[in-house]
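A quick note: this is a predicted structure, and the numbers were derived from the prediction, not measured.
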Amino acid sequence: MRYIRYAFLVALGIILVSISLANRELVELKLMPDALAELLGFNFSTSLPLFLVVLGGVVAGLVIGFLWEWLREHKHRKNATVKKSEVRKLEREVKKLKKKQNDGQDDVLALLDEAS
């Protein structure tokens, strides 16, 4: 399975390098449309290779998606934490009750009762 993963990563790397080499032309990125820039009096712009714009958009989309999903699942993680603490509390209570029940018994019988 490890070799399949390495082969996939190598193939992905080759594809990304070939796409990057094929799309090296410079494109101009502007912060605002021209009409809005004229109204406000400024417009930030920069020139970047096309592959950086495309790959940067993909990375930004992934980061935003992961962050959105992490925030959305907060209630589930909180609920799981609460349930886990309840289970620990109940396990301690059961252990205490079993110990109390087996207080006057023989040690071997008490161990057998705990195992079942």
Could you state the interatomic distance from [atom1] ([X]) to [atom2] ([Y]), rounded to the nearest 0.5 Å?
| X | Y | atom1 | atom2 | answer |
| --- | --- | --- | --- | --- |
| M32 | F42 | CE | CZ | 4.0 Å |
| F51 | L16 | CZ | CG | 10.5 Å |
| L97 | L90 | CG | CG | 10.5 Å |
| E28 | S47 | CD | OG | 5.0 Å |
| E38 | N43 | CD | CG | 9.5 Å |

Are [X] and [Y] connected in the hydrophobic side-chain network, where two residues link if heavy atoms are under 4.5 Å apart?
| X | Y | answer |
| --- | --- | --- |
| F44 | L40 | yes |
| L31 | L39 | yes |
| L71 | V63 | no |
| L29 | V54 | yes |
| L9 | V17 | no |

Original post:
Is the closest side-chain heavy-atom distance between L48 and L26 below 4.5 Å?
Top reply: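 SC-SC contact between L48 and L26 ruled out.
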
**OP:** Check whether any side-chain heavy atom of S20 sits under 4.5 Å from a side-chain heavy atom of L55, and report yes or no.
**Re:**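 In contact.
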
**OP:** Taking N23 for its side chain and I19 for its backbone only, find out whether a donor-acceptor pair lies under 3.5 Å.
**Re:**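 Yes: the side chain of N23 pairs with the backbone of I19.
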
Subject >> Main-chain N/O of L67 paired to R72 side chain as donor or acceptor, under 3.5 Å >> reply: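 The answer is no, because no donor-acceptor pair under 3.5 Å joins these two groups.
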
**OP:** Look at E91 together with R88 and state whether they make a salt bridge at an N to O cut-off of under 4.0 Å.
**Re:**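 R88 and E91: not salt-bridged.
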
Subject >> Any residue meeting salt bridge (charged side-chain N to carboxylate O under 4.0 Å, His left out) with R2, in chain and number order, not counting sequence neighbours >> reply: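 None.
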
Original post:
Taking it one step at a time, do R92 and K95 satisfy side chain to side chain contact (heavy atoms under 4.5 Å, CB included)?
Top reply: CA-CA 5 Å; R92 283 193 306 264; K95 196 176 208 181; 5.7 Å; no

**OP:** Using a cut-off of 6.0 Å, state whether more than 12 heavy atoms not belonging to E25 lie near its atom CD.
**Re:**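 Counting other residues, nucleotides and ligands, CD of E25 exceeds 12 neighbours.
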
Original post:
More than 12 foreign heavy atoms under 6.0 Å from CZ of R77: is that the case here?
Top reply: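 It does: R77 CZ has more than 12 such atoms within range.
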
Original post:
Looking only at heavy atoms, which two atoms of K30 and S45 are closest? And how far apart?
Top reply: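 In terms of heavy atoms, the two residues are closest at CG-CB, 3.9 Å.
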
